[in-house]
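Written below as C-alpha cells is the structure these notes are about.
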Protein chains: 2
Amino acid sequence: MVGRGDEPEVIWARPERTGRGPKPAYRRGDIAAAAVRLADAGGLDAVSMRHVAAELGCGTMSLYNYVPRKEDLYELMVDAVSGEHELWEPTGDWRADMLRVGHQTRALMRRHPWLPRLMSGIYGFSPNALRYLEHCLACLDPLEVSRGTKMELVAMLNAVVTMYVANELAVAERTRSLPWSEERETAVRIAYLGSQVATGAYPRLAATFAEGAGPVDLEAVFERALGRVLDAFTPRG
Amino acid sequence: MVGRGDEPEVIWARPERTGRGPKPAYRRGDIAAAAVRLADAGGLDAVSMRHVAAELGCGTMSLYNYVPRKEDLYELMVDAVSGEHELWEPTGDWRADMLRVGHQTRALMRRHPWLPRLMSGIYGFSPNALRYLEHCLACLDPLEVSRGTKMELVAMLNAVVTMYVANELAVAERTRSLPWSEERETAVRIAYLGSQVATGAYPRLAATFAEGAGPVDLEAVFERALGRVLDAFTPRG
DNA sequence: AGCGCATTACGTACGGCGTACGTAACTACG
DNA sequence: CGTAGTTACGTACGCCGTACGTAATGCGCT
C-alpha cells in the first residue's frame with residue numbers, strides 16, 4: 001500500500017497508476033471535477049469526502065485510494081480551476097497582458113467563489129499553477145527588471161486580486177449558509193456602521209462615508225487597483 | 001429570549017447586558033480572550049465551542065447565550081486582537097506612518113497566525129477595526145488625494161500584508177496538524193518543484209530559480225512590497 | 001500457467017464538531 | 001409578588017474526517 005497519509009507527499013508526485021492491482025475506476029480529473037461541481041453549487045462546505053464520493057458514485061472510503069487527505073482534494077480543486085486560465089501568446093505590451101491576467105483571475109474567482117479561501121491557505125505549485133506562472137513571466141519578458149522582481153509583481157497582483165474578490169464575495173458566501181437574505185444581512189451591517197459613525201468618534205470615517213454616499217463602483221475600484229500595482233513596478237524614467 | 005441566531009444581527013449591536021435575568025457570568029472580552037488563547041496555542045482548529053466553554057469553565061451550551069453562532073466568535077477574536085494595534089499621534093510623515101502600520105500589522109499576524117485566515121472571510125467593522133481605520137486615515141491627513149483614494153490605500157496595504165503573511169505561514173499552519181515536521185514537508189515540496197522545473201517545460205521559471213538559488217530574504221521582500229504600495233499612491237510630481 | 005501480493009473497493013466505527021431543544025434556577029419590572 | 005425574559009447546561013441529532021478490517025482484483029514473477 002502506498003502513501004495513505006503516513007508520509008509527507010505532494011499529491012502531484014504520486015503516480016496516478018501503479019502497476020499492480022485492479023484498474024482505478026477514476027482519474028484525478030474526474031474527482032477534481034466532481035468536487036468543483038459541488039463547491040460551485042453549494043459552497044466549499046458542500047465538499048465533504050462523503051459528498052464527493054457520492055457524486056462520483058463510489059463508497060466514501062474508496063476516495064482515500066486517490067486522495068490521502070482532504071487537503072489534497074483541495075489542491076486538486078485549485079489545480080483544476082487553474083487550468084481554466086486562458087494562456088495566450090504575449091503581445092509585447094506587458095502592461096496590457098498583465099491587466100488581462102488580472103481580469104481573468106477575477107473572473108475565475110467569481111465563477112468559483114470558494115477559490116479565494118483556498119488560495120490563501122495553499123502552498124500552490126500544482127501543474128496548472130506552474131503553467132500559469134510561466135505564462136505570466138512570458139508576458140513580462142519586455143519588462144526590464146530582475147527576474148526576482150517579476151515574481152514579486154505576479155505575487156502582488158495575485159494578492160490584490162484575491163483579497164479584492166474575497167471582500168467582494170464575503171457577504172454572499174457568508175449568507176449562503178444562513179436562513180436570511182444577503183440584502184438583509186448587508187442592511188443590518190450598514191445600519192450598525194452608520195450608527196457607529198454617527199457617534200462622532202470617527203470623524204474622518206464619517207466624512208468619507210458622507211462624501212461617497214452612493215454605491216461604490218466596484219468595477220472602477222478594481223481597475224484602479226490593478227493599474228496602481230502595475231505602476232508600482234514600472235521603472236520610472 | 002433574544003437573538004439566538006434566528007435574526008440577522010451584528011454582534012456588536014447586541015447589548016452585553018439586558019435588564020432581566022441573572023447576571024451574565026462573563027464579559028465578551030473574557031470569551032474573546034479565551035478563544036484567542038486557544039487559537040494561539042493550538043491553531044484555529046482548536047477553537048471549538050466546547051473547548052472555549054471548557055477554557056472559560058462553563059457548559060458548552062452556555063456559550064450560546066453570549067455568541068449566537070460560531071462565526072460571531074470569530075468576529076470577537078478578530079476584534080480582540082485588532083485592539084492590539086498601537087495607535088500613535090500621526091507624525092505628519094504619512095509614508096513613515098503607513099510603513100509603521102504595515103509592519104505592525106505583520107507583527108500582529110505573526111503573533112496570531114490564524115488571523116490571516118479569518119481576515120479574508122470577515123466583513124469586519126468591529127469597534128477596534130473602526131478605531132484602526134480612523135487611525136490610518138489620520139496618518140494619511142497630509143496626503144493630498146481624495147478620501148476615497150485613502151480608503152483604497154488602506155485596503156490595498158492590508159491586502160498585501162495579509163496575503164504576504166498568509167503565504168509566509170501557510171506551511172507552518174498546514175504542518176501543525178500533520179505528523180511530520182515542517183522542514184520535511186517543505187523539503188518534499190521543493191523537491192517536487194525542482195523536478196518539474198528540471199523537465200524544461202518552464203524555462204523562465206527555471207531561470208528564476210537558478211538565479212535566486214539562496215534562501216529568499218522575506219524581510220526585504222516584504223519591505224519592498226510595502227514601499228511599492230505606498231509609491232503607487234504617491235502623486236507624481 | 002499459476003502463484004503471490006500490492007492495490008482497489010467499501011462497510012463499519014470512533015471521536016469530534018455545531019447547534020436545536022427542553023428544563024431548572026434566577027431576577028428585574030409591572 | 002407574580003411573571004416574563006434570561007442564564008445555565010445536559011442531552012441528542014446529524015454531520016464531519018478518517019482508522020481499520022476484509023474481500024475482490026489483476027500485474028509481475030517464477
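Just so it is clear, the structure is predicted and the values come from calculations on it, not from any experiment. The chains referred to below are lettered A, B, ... by the order of the sequence lines, with proteins before strands, and numbering in each begins at 1. As a basis for the values below, the full set of heavy atoms in this structure was taken, side chains included, without hydrogen atoms, waters or symmetry mates.
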Worksheet item: For the pair made of CG in A/Asp72 and C1' in D/dG17, what is the distance, rounded to whole Å?
Response: 13 Å
Worksheet item: Could you state the CG-P distance from A/Asp45 to C/dG18, rounded to the nearest angstrom?
Response: 12 Å
Fill in: Contacting residues from residues 50-59 of chain A, given that a heavy atom lies under 4.0 angstrom of DNA chain D
A/Arg50, A/His51
Worksheet item: Within the structure shown, what part of the strands sits under 4.0 Å from A/Tyr26 by heavy-atom distance: base, sugar-phosphate, or nothing?
Response: nothing
Worksheet entry | Candidates D/dT7, D/dC9, D/dT18 - which lies nearest the side chain of B/Ser62 | D/dC9
Worksheet item: Counting side-chain heavy atoms from CB outward, which of D/dA8, D/dT11, D/dT18 is closest to A/Met61?
Response: D/dT18
Look for any protein N or O under 3.5 Å of an N or O in nucleotides 28-30 of chain C and output each such pair with its distance, or none.
from: C/dC29; atom 1: O4'; to: B/Arg20; atom 2: NH1; distance (Å): 3.3

Worksheet item: How long is the line joining CD of A/Glu71 and C1' of D/dG17, in whole Å?
Response: 12 Å
Fill in: Length of the line joining A/Tyr66:OH and D/dT18:P, which is rounded to integer Å
18 Å
Fill in: Phosphate-side-chain proximity, B/Ser48 and C/dC17, N/O vs OP1/OP2 below 4.0 Å
yes
Worksheet item: Taking atom P of C/dC26 as reference, at what distance in whole Å does atom CG of B/Asn65 sit?
Response: 15 Å
Polar atoms only, N or O, under 3.5 Å: list the protein pairs with nucleotides 22-24 of chain D and their distances.
none

Item to complete: Starting at atom CE of B/Met49, determine the distance to atom P of D/dC16, rounded to an integer number of angstrom.
Response: 20 Å
